[in-house]
Chemist: 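Here you go, one structure.
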Amino acid sequence: MPNDTPSPSLLVDDSLWPLLIVQLRGVVSLAHLEEYLVRRLTYLRRQEKHVVLFDMRHTPMLPSEVRQRHSEWLKQHAALIETRVLGHALVVTSPLLRLMLSTFHKVRPRNGRHLVTPHLNDAARWCLGVLEESGGNPPTQRIEAHFCLTPH
């Protein structure tokens, strides 16, 4: 289950580290985002490579002030993100949000790998694959059990 959640709308689960799961639920306020960003920075400073799975199935479009602040934070910490994050998977079911994210990734491509999908299992399997390809030692069986994935 999620550890030490910073807010009801942003749940952070590091129990499957180096897979970090971030769930967005409901409307995300600027204050909740700021709490998350402080916590997110602690993971980046661990000096450990990891993959992030953003589960955005239960959130509407993010408010413009939240999107803008997150974009600023990403620019500010780009070097850390580039060296620590192996990839990002985003689970998005909203067609409008999927289009927006697709456009964002085309306009501001990242060096890192990313996946946008409407299916949680696809995102989890992709994250596991990225971790395994990196040569690390991910908790493969625990990740497969957590997401009810069939072993490969």
Side-chain angles (χ1 to χ4, degrees), residues 1-26 28 31-59 62 66-67 69-94 97-98 100-152:
M1 296 307 329
N3 308 348
D4 187 22
T5 55
S7 74
S9 60
L10 280 162
L11 308 173
V12 179
D13 181 355
D14 63 3
S15 65
L16 297 171
W17 187 264
L19 172 59
L20 184 65
I21 303 165
V22 180
Q23 291 182 317
L24 287 77
R25 296 194 174 272
V28 177
H32 289 158
L33 177 70
E34 291 296 344
E35 292 173 16
Y36 161 74
L37 294 177
V38 168
R39 183 157 184 211
R40 183 69 184 98
L41 194 54
T42 65
Y43 292 107
L44 289 172
R45 289 183 173 152
R46 278 187 179 184
Q47 311 240 350
E48 298 175 24
K49 293 190 182 263
H50 59 281
V51 175
V52 185
L53 190 158
F54 290 97
D55 181 355
M56 302 174 70
R57 295 172 298 161
H58 305 289
T59 192
L62 297 171
V66 169
R67 291 190 316 263
R69 174 63 182 113
H70 191 239
S71 180
E72 291 167 2
W73 187 89
L74 289 171
K75 287 178 195 170
Q76 181 182 3
H77 299 288
L80 264 179
I81 293 167
E82 194 170 312
T83 59
R84 304 288 191 270
V85 180
L86 297 167
H88 294 88
L90 296 96
V91 182
V92 181
T93 53
S94 161
L97 193 51
R98 285 176 55 81
M100 189 175 132
L101 287 168
S102 175
T103 303
F104 174 77
H105 285 292
K106 286 178 184 165
V107 173
R108 274 188 66 208
R110 298 176 190 266
N111 294 336
R113 300 166 63 176
H114 72 274
L115 170 76
V116 179
T117 178
H119 305 290
L120 183 61
N121 285 354
D122 290 345
R125 185 164 305 288
W126 182 86
C127 288
L128 182 56
V130 170
L131 288 169
E132 290 175 341
E133 287 172 19
S134 76
N137 190 20
T140 302
Q141 291 178 337
R142 288 188 358 200
I143 291 172
E144 289 173 342
H146 182 86
F147 291 101
C148 299
L149 303 175
T150 55
H152 54 275

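In this chain, residues are counted from 1 in sequence order. Computed from a prediction, not measured in an experiment: that's the story for all the values here.
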Chemist: When rounded to the nearest 0.5 angstrom, what distance separates CG in Leu33 from OG in Ser9?
Modeler: 9.0 Å
Chemist: Any side-chain heavy atom of Val130 within less than 4.5 Å of one from His88?
Modeler: no
Chemist: State which residue, out of Leu62, Val66, Val91, fulfils the side-chain contact (heavy atoms from CB on, under 4.5 Å) condition with Leu24.
Modeler: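 Single pass found, and it is Leu62.
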Chemist: Might you point out which heavy atoms bring Pro139 and Leu16 nearest each other, and give the distance in Å?
Modeler: CG-O, 3.7 Å
Chemist: Could you give the distance from CG (Leu86) to NZ (Lys49), rounded to the nearest 0.5 Å?
Modeler: 6.0 Å
Chemist: Would you find a donor on one side and an acceptor on the other, under 3.5 Å apart, between the side chain of Ser71 and the backbone of Arg67?
Modeler: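 Pair absent, no side-chain N/O of Ser71 close to backbone of Arg67.
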Chemist: Give a yes or no answer on whether the side chain of Arg113 reaches the backbone of Gly87 with a donor-acceptor pair at less than 3.5 Å.
Modeler: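 Judged by distance alone, no pair lies under 3.5 Å.
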Chemist: Applying side chain to side chain contact (heavy atoms under 4.5 Å, CB included), can you list everything that pairs with His58, at least two apart in sequence or on another chain?
Modeler: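 Partners of His58 under the side chain to side chain contact (heavy atoms under 4.5 Å, CB included) test: Arg25.
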Chemist: Taking all atoms of both residues into account, what is the closest heavy-atom pair of Thr93 and Pro118, and its distance?
Modeler: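 Taking every non-hydrogen atom into account, CG2-O, 3.6 Å.
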Chemist: Drop me the distance from Trp17's CH2 to Arg46's CZ, to the nearest 0.5 angstrom.
Modeler: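 So the CH2 of Trp17 and the CZ of Arg46 are separated by 4.5 Å.
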Chemist: Taking all non-hydrogen atoms of both residues into account, name the closest pair between Ala89 and Cys127 and its distance.
Modeler: CB-SG, 3.6 Å
Chemist: When rounded to the nearest 0.5 angstrom, what distance separates NE2 in His114 from CZ in Phe54?
Modeler: 12.5 Å
Chemist: Run the side chain to side chain contact (heavy atoms under 4.5 Å, CB included) check on Leu131 and Ile143 step by step: do they pass?
Modeler: CA-CA 11 Å; Leu131 288 169; Ile143 291 172; 4.2 Å; yes
Chemist: Check whether any side-chain heavy atom of Asp122 sits under 4.5 Å from a side-chain heavy atom of Trp126, and report yes or no.
Modeler: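 They are not in contact (no side-chain heavy atoms under 4.5 Å apart), so the answer is no.
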Chemist: Taking only residues two or more places apart in sequence, or in another chain, which ones meet Trp73 in a ring-ring contact (aromatic ring centres under 6.0 Å, His included)?
Modeler: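 If we apply the ring-ring contact (aromatic ring centres under 6.0 Å, His included) test to Trp73, skipping adjacent residues, the hits are His77.
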Chemist: To the nearest 0.5 Å, tell me how far Gln76 CD sits from Leu41 CG.
Modeler: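 Those atoms lie 8.0 Å apart.
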Chemist: Is there a side chain to side chain contact (heavy atoms under 4.5 Å, CB included) between Leu120 and Leu53 once you walk through the steps?
Modeler: CA-CA 9 Å; Leu120 183 61; Leu53 190 158; 3.8 Å; yes
Chemist: For Arg40 and Leu10, run side chain to side chain contact (heavy atoms under 4.5 Å, CB included): C-alpha distance rounded to whole Å, both residues' side-chain angles, the deciding distance at 0.1 Å, then the answer.
Modeler: CA-CA 11 Å; Arg40 183 69 184 98; Leu10 280 162; over 6 Å; no
Chemist: Give, for atom CG of Leu149 and atom CD of Gln141, the distance between the pair rounded to the nearest 0.5 Å.
Modeler: 12.5 Å
Chemist: So Asp14 and Arg39, do their side chains get closer than 4.5 Å, heavy atoms only?
Modeler: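 A side-chain contact exists here, since the closest heavy-atom pair is under 4.5 Å.
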Chemist: Tell me, with the steps shown, if Glu132 and Leu128 meet side chain to side chain contact (heavy atoms under 4.5 Å, CB included).
Modeler: CA-CA 6 Å; Glu132 290 175 341; Leu128 182 56; 3.8 Å; yes
Chemist: Ignoring hydrogens, what is the shortest heavy-atom contact between Leu80 and Leu44? Give both atom names and the distance.
Modeler: CD2-O, 3.9 Å
Chemist: Answer yes or no: is there a donor N or O on one side and an acceptor on the other, between the side chain of Arg84 and the main chain of Tyr43, under 3.5 Å?
Modeler: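 No, because the side chain of Arg84 does not come within donor-acceptor range (under 3.5 Å) of the backbone of Tyr43.
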Chemist: Would you call His146 and Asp13 a side-chain contact if the rule is heavy atoms closer than 4.5 Å?
Modeler: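 Yes, close enough: below the 4.5 Å cut-off.
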Chemist: Are any non-hydrogen side-chain atoms of Leu37 and His70 less than 4.5 angstrom apart?
Modeler: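 Yes, close enough: below the 4.5 Å cut-off.
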